[in-house]
Amino acid sequence: QKEVEQNSGPLSVPEGAIASLNCTYSDRGSQSFFWYRQYSGKSPELIMSIYSNGDKEDGRFTAQLNKASQYVSLLIRDSQPSDSATYLCAVNRDSGYALNFGKGTSLLVTP
Amino acid sequence: GAVVSQHPSRVICKSGTSVKIECRSLDFQATTMFWYRQFPKQSLMLMATSNEGSKATYEQGVEKDKFLINHASLTLSTLTVTSAHPEDSSFYICSAWEASGADTQYFGPGTRLTVL
């Protein structure tokens, strides 16, 4: 069973701080990595995708990938209370398009 | 971005009845759709992969005779939960893969199923 592991949290950060979310995965064949945000009772919303080692920045979000360490992270700069949600790490399965999800990290940004 | 809809958004049914959930890609063609299930405080678990014009591929432990999937067109996949029981109560979410090759899945808004 291919695994995607995340710290469940909750991770609490003050407004304006940097939130750092981490994820490890077990399938070395994975090529595509995604971060989704999920609000309670809602479906996941894509935040970032990353496919190559290194950093990828999009606005306040930066995804980091290290395939050798099988590690992917998400940094959220200038965190806002509206960023409070569960962040799901997802990794493609079996070189295909279906995704394995981690259990998610709950983020709480306090005013 | 691309839009995927699901209907109904919420359904409550009695034990033993069947429930059909529709997943539609509204502005793109999806040769492949996925059905996920999410129990409270848990992550999304893939149930099955739905391919247009062919039989669905089910994940280990998912009963294909209980969860019937039909992907009759490039824009519609349906999931029917047959003889639903309280343990089938969950949040069912579909996603669609755009046929043009964009490496992105688009998720539907989900269907909350409660079986009494």
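Residue numbering restarts at 1 for every chain, and letters A, B, ... go by the order of the sequence lines. For clarity, every value in this text was computed on a predicted model and none was experimentally measured. Values below: every heavy atom of this structure, side chains too, minus hydrogens, waters and symmetry copies.
By the 30° and 60° cut-offs, the orientation of the rings of A:Tyr97 relative to B:Trp97 is parallel.
Residues B:Tyr58 and B:Val19 share a single hydrophobic cluster, defined by chaining ILVMFWY side chains whose heavy atoms lie under 4.5 Å apart. Side-chain heavy atoms closer than 4.5 Å link hydrophobic residues (I, L, V, M, F, W, Y) into clusters, and following such links, possibly through other members, connects B:Val81 to B:Trp35. Note on B:Val11 and B:Leu79: same hydrophobic cluster, where clusters join Ile, Leu, Val, Met, Phe, Trp and Tyr whose side-chain heavy atoms are under 4.5 Å apart, directly or indirectly. The cluster map of Ile, Leu, Val, Met, Phe, Trp and Tyr, joined by side-chain heavy atoms under 4.5 Å apart, puts A:Leu46 and A:Val91 in different clusters. Linking Ile, Leu, Val, Met, Phe, Trp and Tyr residues whenever their side-chain heavy atoms come within less than 4.5 Å places A:Val13 and A:Tyr87 in a single cluster.
Contact annotation: the side chain of B:Val4 never approaches that of A:Ser43 to less than 4.5 Å [non-hydrogen atoms, C-beta and beyond].
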Worked check of side chain to side chain contact (heavy atoms under 4.5 Å, CB included) between B:Gln105 and A:Tyr36: CA-CA 11 Å; B:Gln105 280 190 47; A:Tyr36 287 87; 4.2 Å; yes

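Listed here is the closest heavy atom pair of A:Gly41 and B:Arg112: CA-NH2, 3.9 Å. Here the closest heavy-atom approach between residue A:Phe101 and residue B:Ser43 is recorded as CB-OG, 3.1 Å.
Checking side-chain atoms of B:Tyr36 against main-chain N and O of A:Leu99 turns up a donor-acceptor pair under 3.5 Å.
Within a 6.0 Å radius of NE2 in B:His85, more than 12 heavy atoms belonging to other residues, nucleotides or ligands are found. A 6.0 Å sphere centred on CZ of B:Arg10 holds no more than 12 heavy atoms belonging to other residues, nucleotides or ligands. Within 6.0 Å of atom NZ in A:Lys103, 12 or fewer heavy atoms from other residues, nucleotides or ligands are found, so the atom counts as exposed in its surroundings.
Residue B:Gln38 touches chain A through its side chain alone, counting heavy-atom pairs closer than 4.5 Å. Using a 4.5 Å cut-off between heavy atoms, A:Lys42 touches chain B through its backbone atoms (N, CA, C, O) alone. Residue A:Gln6: no heavy atom, backbone or side chain, is found under 4.5 Å from chain B. In this structure, the portion of B:Leu46 lying under 4.5 Å from any heavy atom of chain A is its side chain and not its backbone.
The structure places CZ of B:Phe34 at 9.0 Å from CZ of A:Arg93, a figure rounded to the nearest 0.5 Å.
The greatest number of non-hydrogen atom pairs below 4.5 Å with chain B, out of A:Gly104, A:Ala90, A:Gly102, A:Ser106, is found for A:Gly102.
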